[in-house]
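Comments concern the structure below.
Just the heavy atoms: all of them, side chains too, but no hydrogens, waters or symmetry mates, feed the values below.
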Amino acid sequence: MDLFGRRWALRILWELRSGPLGARALLARCEGMSSSVLYQRLRELASSGIIAPSADGYELTRLGTELGHALRPLDEWAAIWAQEQEHDDQVPTET
């Protein structure tokens with residue numbers, strides 16, 4: 001859990017969910033992330049067996065894909081939460 005709590009780690013996994021990406025593509029998709037942080041996270045995620053280098057950059061391993069499936073309920077909850085937040089923002093408050 002410590003690894004997933006590190007800045008940008010989950011975002012990198014999110015970006016790799018649809019297939020392999022190179023470092024430049026990951027940097028472009030993760031606006032504001034420095035290249036040094038990217039390479040550090042890639043090393044950490046790879047050494048943990050969650051991603052692996054590929055001919056096209058980096059990709060999720062079997063364990064990384066399973067992690068995505070495990071996180072799907074959290075993603076679904078977050079979508080519901082975001083909708084409720086948006087709804088609450090539109091409800092006028094009494095003054």
- Query: By side-chain contact (heavy atoms from CB on, under 4.5 Å), which residues pair with Arg17, not counting sequence neighbours?
  - Reply: Trp14
Cut-off 3.5 Å, no hydrogens considered: what does the side-chain donor-acceptor table look like for residues 53-60, sequence neighbours left out?
from	atom 1	to	atom 2	distance (Å)
Ser54	OG	Asp56	N	3.2
Ser54	OG	Gly57	N	3.4

- With sequence neighbours excluded, give me every salt bridge (Lys or Arg N to Asp or Glu O under 4.0 Å) pair touching residues 69-81. none
- Pairs where residues 44-53 contributes a residue and the test salt bridge (Lys or Arg N to Asp or Glu O under 4.0 Å) is met, not counting sequence neighbours: Arg6-Glu44, Arg41-Glu44
- Item | Closest non-hydrogen atom pair between Phe4 and Leu10, with its separation | O-CG, 3.5 Å
- Under the side chain to side chain donor-acceptor pair (under 3.5 Å) rule, collect the residues that match up with Ser48, sequence neighbours excluded.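 Result, side chain to side chain donor-acceptor pair (under 3.5 Å) vs Ser48: none returned.
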- With sequence neighbours left out, write down each residue that passes side chain to side chain donor-acceptor pair (under 3.5 Å) with Ser36, or none if nothing qualifies. Ser34
- Message: Taking Gly49's backbone N and O only, do any of them form a donor-acceptor pair with Thr61's side chain (distance below 3.5 Å, no angle check)?
- Response: yes
- Arg62: what forms a salt bridge (charged side-chain N to carboxylate O under 4.0 Å, His left out) with it, not counting sequence neighbours? Glu66
Please round to the nearest 0.5 Å and tell me the distance separating atom [atom1] of [X] and atom [atom2] of [Y].
{"X": "Leu13", "Y": "Leu71", "atom1": "CG", "atom2": "CG", "value": "8.0 Å"}
{"X": "Met33", "Y": "Arg11", "atom1": "CE", "atom2": "CZ", "value": "8.0 Å"}
{"X": "Leu16", "Y": "Ser18", "atom1": "CG", "atom2": "OG", "value": "9.0 Å"}
{"X": "Leu67", "Y": "Leu45", "atom1": "CG", "atom2": "CG", "value": "9.5 Å"}

Hey, can you pull the donor-acceptor pairs under 3.5 Å for the side chains in residues 20-32, sequence neighbours left out?
from	atom 1	to	atom 2	distance (Å)
Arg29	NH1	Glu15	OE1	3.4

- Find out if a path of hydrophobic residues (ILVMFWY) with successive side-chain heavy-atom gaps under 4.5 Å connects Leu63 to Met1.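 In one cluster: no.
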- Message: Any heavy-atom pair between the side chains of Trp77 and Pro73 that's under 4.5 Å?
- Response: no
